[in-house]
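Note sheet for the following structure.
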Amino acid sequence: MSNADNSQNLSDTSNLRVIITTQSGDANLEMKDIIEFTMIEDIFSGSIVGKLIFIDRIGGIELLPFVGHEPITVIYGEDGEIQKTFIIFSVSAINSIGQLENYDMQQIELYFVEPLFLSLIQRKFSVSWKDKKISDIVKDINSNMLMTDGTFAQFEDSKEILPYFYMPYWTPAEAIKWLMKRASSAENQMPGYLFYSSAKGLNFVTLEKLLRQTDLEKDYKGNPLRYYIQSKAPNDPNKILGFSINGIDYQSFIDLKGGIKYGYDFEKKSAVTKDYKYTETISKFTMLGKKTMFFNINDTRTKYDLEGDNDEKLLQNIAFHEFIRRYVQQYQVHMTVKGHERRYAGMVVDIIWPSTVKDNLLHKSLEGKYLVKSVTNTFSSKGLPYWKQLLVLLKVAYGDSNYKALVDSTKFNMDTKTTKI
């Protein structure tokens with residue numbers, strides 16, 4: 001750690017700058033002192049979070065002083081700069097690791113979050129809206145309750161207009177969660193909203209919109225990029241350094257087979273119900289392959305949920321919202337690659353997956369497009385590459401399969417645009 005009023009470049013090979021702003025000025029962490037720096041963005045998480053472990057060589061806890069309330073600015077990138085500001089959420093450990101000129105050096109471990117995280121969960125509001133679209137209410141919450149500039153990287157308008165919505169001393173996170181379950185897109189007519197922060201900014205968008213993407217990741221010249229399990233080019237930026245697969249299990253069957261949602265119409269004094277089944281629900285969404293993950297598992301007797309809503313359409317939105325968020329996470333590929341700022345949660349990538357069968361070129365089930373659930377950026381001064389990214393990829397559907405009992409995808413997205421931007 002070096003204390004400096006003016007920002008200074010760190011290692012030319014790191015492309016990472018971490019600056020802790022103290023009362024005495026900016027403290028720049030030198031790359032050699034950063035043991036671990038990790039940032040995680042996820043389409044199922046409202047905020048980017050991270051962890052930092054570094055060595056305090058100058059006694060900054062006493063001299064700067066560093067007390068744990070300081071903001072952290074992070075600047076990184078290969079072809080351009082991305083700058084993010086975080087707040088220290090927890091100083092989890094301060095350990096003595098050795099002596100330098102009769103002073104004990106200390107290793108500091110801390111966790112940090114975006115300012116958005118605190119405003120999402122740590123303040124409660126009592127506010128009401130009348131005759132407003134759900135997406136407009138989310139916009140109001142973002143502009144007036146969250147510590148953001150009010151803008152979105154992606155924003156998808158909803159169809160539903162609520163005659164009345166009362167936020168009964170809820171946090172913004174609780175209100176947005178309640179609203180998302182009942183919303184469907186004006187663009188694609190489908191429920192399944194997400195509210196998340198990525199390297200691109202804040203997003204309020206449906207899974208259906210993400211699953212319909214056809215643009216691939218591109219290099220700085222606009223050339224489309226694919227990922228290779230096997231690559232002969234040693235410096236291929238999209239070479240997969242390692243991967244693991246988490247396959248399906250039956251634990252989620254209770255949420256995917258089907259069920260019945262119950263509501264109540266107070267004007268008519270009668271119950272409102274909406275049943276749903278696997279084959280019916282899966283046919284509504286776009287898949288990234290021709291075969292869905294399951295055979296016919298239809299069973300409406302697995303879930304009976306009392307929601308209280310008086311509109312059958314809202315009950316259907318809730319059922320479909322919960323279904324698709326659970327379903328897309330069934331089959332995951334964890335892939336490690338060399339870091340680059342062009343990757344972000346919510347994008348679609350294409351993997352050239354070689355077949356395990358001698359006479360086949362490509363893997364029949366696993367080759368093709370994946371939705372990026374999360375990106376974990378890890379920087380370390382120990383070993384190369386110094387910047388790695390762990391991508392958690394959602395397969396969503398098999399490209400094809402010889403297992404004929406699997407339910408066919410009604411709508412699938414397997415094409416990709418290969419033109420330059």
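Count residues from 1 along the sequence.
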Is the shortest side-chain heavy-atom distance between Lys291 and Lys364 below 4.5 Å? no
Measuring from Leu207:CG to Ile324:CD1, what's the distance to the nearest 0.5 Å? 6.0 Å
Is any NZ, NE, NH1 or NH2 atom of the basic residue among Arg326 and Glu322 found under 4.0 Å from an Asp or Glu carboxylate oxygen of the other? no
For the aromatic rings, using the six-membered ring if either is Trp, is the centroid distance between Phe204 and Tyr193 under 6.0 Å? yes
Minimum heavy-atom separation for Arg182 and Asn317, please, with both atom names. O-ND2, 3.0 Å
Considering all heavy atoms, the nearest Ala397-Met287 contact: CB-CB, 3.7 Å
Heavy-atom distance under 4.5 Å between the side chains of Ile137 and Leu179, does that happen here? yes
Just do the side-chain contact (heavy atoms from CB on, under 4.5 Å) check on Gln83 and Thr73 with the steps written out, would you? CA-CA 7 Å; Gln83 180 170 322; Thr73 301; 3.7 Å; yes
Gln389 versus Asn377, side-chain donor and acceptor atoms under 3.5 Å: yes
Nearest 0.5 Å please: distance from the CD1 atom of Ile20 over to the CG atom of Leu64. 8.5 Å
Does Asn360 reach the main-chain N or O of Leu362 with its side chain, forming a donor-acceptor pair under 3.5 Å? no
Quick one: are Ile134 and Phe165 in side-chain contact, heavy atoms under 4.5 Å? no
I'd like to know if Lys290 and Asp408 make a salt bridge, using a cut-off of under 4.0 Å between side-chain N and carboxylate O. no
Of Tyr111, Phe117, Phe37, Phe112, the residue whose pairing with Phe86 passes ring-ring contact (aromatic ring centres under 6.0 Å, His included): Phe112
Shortest non-hydrogen contact from Leu210 to Val348? O-CG2, 3.6 Å
Shortest non-hydrogen separation from Ile318 to Glu307 and the atoms involved: CG2-OE2, 3.8 Å
Given Tyr166 and Ser126, is the side-chain hydrogen bond (donor to acceptor under 3.5 Å, both in side chains) satisfied, shown in steps? CA-CA 7 Å; Tyr166 170 54; Ser126 176; 3.1 Å; yes
Between Gln154 and Asn203: side-chain donor-acceptor atoms closer than 3.5 Å: yes
Report the C-alpha separation of Val74 and Arg17 in whole Å, then their side-chain angles, then the decisive distance to 0.1 Å, and conclude whether the side-chain contact (heavy atoms from CB on, under 4.5 Å) test is met. CA-CA 6 Å; Val74 180; Arg17 297 174 60 200; over 6 Å; no
If only side-chain N and O atoms count, and only distance matters, is there a donor-acceptor pair under 3.5 Å linking Thr292 with Tyr278? yes
Could you check whether Asp350 pairs with Arg226 (Lys NZ or Arg NE/NH1/NH2 to Asp/Glu carboxylate O, under 4.0 Å)? yes
Does the side chain of Tyr227 reach to within under 4.5 Å of the side chain of Tyr370, using non-hydrogen atoms? no
Whether Lys284 engages the ring of Phe320 as a cation-pi pair (distance to the six-membered ring centre under 6.0 angstrom, angle to the ring normal within 45°) should be assessed. no
What I want to find out is whether Asp219 reaches Lys221 closely enough, with some N-O distance under 4.0 Å, to be called a salt bridge. no
Give the C-alpha distance, both sets of side-chain angles, the deciding distance and a yes or no for side-chain hydrogen bond (donor to acceptor under 3.5 Å, both in side chains) between Ser158 and Ser135. CA-CA 5 Å; Ser158 64; Ser135 55; 3.3 Å; yes
For Tyr169, does the OH atom sit with more than 12 other heavy atoms under 6.0 Å from it, leaving out its own atoms? no
Test side-chain contact (heavy atoms from CB on, under 4.5 Å), reference Lys373, set Asp42, Leu393, Val333, Val328, output is Asp42
Does Asp149 reach the main-chain N or O of Thr151 with its side chain, forming a donor-acceptor pair under 3.5 Å? yes
Mark yes when over 12 heavy atoms from residues, nucleotides or ligands other than Lys181 sit less than 6.0 Å from its NZ; otherwise mark no. yes
Report the C-alpha separation of Glu114 and Ser197 in whole Å, then their side-chain angles, then the decisive distance to 0.1 Å, and conclude whether the side-chain hydrogen bond (donor to acceptor under 3.5 Å, both in side chains) test is met. CA-CA 9 Å; Glu114 289 182 291; Ser197 179; 2.8 Å; yes
What is the ring orientation for Trp387 with His340, classed by angle as parallel under 30°, tilted 30 to 60°, or perpendicular over 60°? parallel
Using a cut-off of 6.0 Å, state whether more than 12 heavy atoms not belonging to Lys338 lie near its atom NZ. no
I'd like to know whether the aromatic ring centres of Phe266 and Tyr264 sit less than 6.0 Å apart in this structure. yes
For the student: nearest non-hydrogen atoms of Gln23 and Pro65, plus distance: OE1-CD, 4.3 Å
Counting C-beta onward and ignoring hydrogens, is there a side-chain heavy-atom pair between Gln107 and Ile35 closer than 4.5 Å? yes
So, do Asn142 and Phe152 sit near enough that their side-chain heavy atoms are less than 4.5 Å apart? yes
Might you work through the salt bridge (Lys or Arg N to Asp or Glu O under 4.0 Å) test for Lys133 and Glu160, ending with a clear yes or no? CA-CA 6 Å; Lys133 285 197 304 184; Glu160 289 72 19; over 6 Å; no
State plainly whether the residues Lys209 and Glu156 are in salt-bridge range, i.e. N to O under 4.0 Å. no
Under 3.5 Å, is there a donor-acceptor pair linking the side chains of Glu36 and Ser380? no
How are the rings of Phe285 and Phe323 set relative to one another: parallel (under 30°), tilted (30 to 60°) or perpendicular (over 60°)? parallel
I'd like to check Asn413 versus Thr214 (side-chain heavy atoms, cut-off strictly below 4.5 Å). Are they in contact? yes
Which word best sums up how the rings of Phe295 and Phe253 line up, parallel for under 30°, tilted for 30 to 60°, or perpendicular for over 60°? perpendicular
So, do Phe243 and His334 sit near enough that their side-chain heavy atoms are less than 4.5 Å apart? no
Verdict with supporting geometry, Asn298 and Thr279, side-chain hydrogen bond (donor to acceptor under 3.5 Å, both in side chains): CA-CA 7 Å; Asn298 290 343; Thr279 55; 2.8 Å; yes
Rounded to the nearest 0.5 Å, what's the gap from CE on Met145 to NZ on Lys124? Could you check? 14.0 Å
